[in-house]
Structure formats: structure tokens, C-alpha cells
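For reference, the structure is listed below as C-alpha cells.
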Amino acid sequence: NDRHEGIYKIGKSKQPLVRAQSIASRLARPVDVVCSIPTRDSRRVEMAIHKALASRRIYGEWFDLGLNADKAIGMFTAAYADATEEDARG
């Protein structure tokens with residue numbers, strides 16, 4: 001069992017695949033992009049997801065979700081949907 005399984009970095013990037021390669025190079029291990037949410041307001045989306053997952057924060061933008069990628073993507077998109085609904089309500 002890989003000790004990094006279930007650990008996700010949640011951040012914003014204009015070029016997520018390039019960013020993942022940079023992180024992989026620094027970590028000396030493979031890194032996958034498991035979710036990318038195109039948006040005009042990446043900062044708001046990032047903050048909403050960080051807030052929704054705050055109890056799982058390890059450090060900075062790193063979160064221990066203890067989940068496989070499919071379940072993690074569900075958490076990301078649910079947090080994004082919540083943020084979108086908040087904006088719609090004003």
C-alpha cells in the first residue's frame with residue numbers, strides 16, 4: 001500500500017498537466033491530474049473546495065481524502081456545485 005494513496009493537492013493552474021509534471025519532478029514520483037474544473041473564477045472555486053475539505057487538510061493545498069480518485073472527484077465537484085449555488089443566491 002502506497003503511503004501517498006489518498007493524498008491530493010488541490011490548487012489552480014492555467015496548465016494543470018504542466019503543473020503536475022513540475023510537482024512530480026520535485027517529489028520524484030508520478031503525479032496524476034484527477035480532476036480539472038474549467039472556470040472563469042479559479043480562485044473562488046479553489047477556495048470553496050479548500051473550505052469544504054478543510055477538516056482533511058494536511059498542509060497548504062495538500063489534503064488526505066483517504067479516497068480513490070473517483071470518490072475524490074465527486075467531492076471536488078460537489079464543493080464546486082455548493083460554491084456555485086452560494087453565488088446564485090447572492
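In what follows, residues are counted from 1 in the order of the sequence shown.
Summarising the geometry, atom OG belonging to Ser55 is positioned 10.5 Å from atom CG belonging to Asp64; distances are rounded to the nearest 0.5 Å. Ser36 OG to Leu17 CG: the interatomic distance, rounded to the nearest 0.5 Å, is 8.0 Å. With rounding to the nearest 0.5 Å, the separation of CG in Leu53 from CD1 in Ile10 is 5.0 Å.
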* **Worked check of side chain to side chain contact (heavy atoms under 4.5 Å, CB included) between Glu46 and Arg43** => CA-CA 5 Å; Glu46 178 189 45; Arg43 181 70 182 138; 2.7 Å; yes
* side chain to side chain contact (heavy atoms under 4.5 Å, CB included) between His50 and Phe63, worked out -> CA-CA 9 Å; His50 284 195; Phe63 296 80; 3.7 Å; yes
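At a threshold of 4.5 Å between side-chain heavy atoms, the hydrophobic network of Ile, Leu, Val, Met, Phe, Trp and Tyr places Ile7 and Leu27 in one connected group. A chain of hydrophobic side-chain contacts below 4.5 Å, direct or via other Ile, Leu, Val, Met, Phe, Trp or Tyr residues, connects Ile58 to Ile23.
Not a single donor-acceptor pair under 3.5 Å links the side chain of Asp32 to the backbone N or O of Val34.
A pairwise comparison of heavy atoms in Val31 and Ala20 identifies CB-O, 3.9 Å as the closest pair.
Applying the side-chain hydrogen bond (donor to acceptor under 3.5 Å, both in side chains) definition to pairs two or more places apart or across chains, those involving residues 9-27 are Lys9-Glu61.
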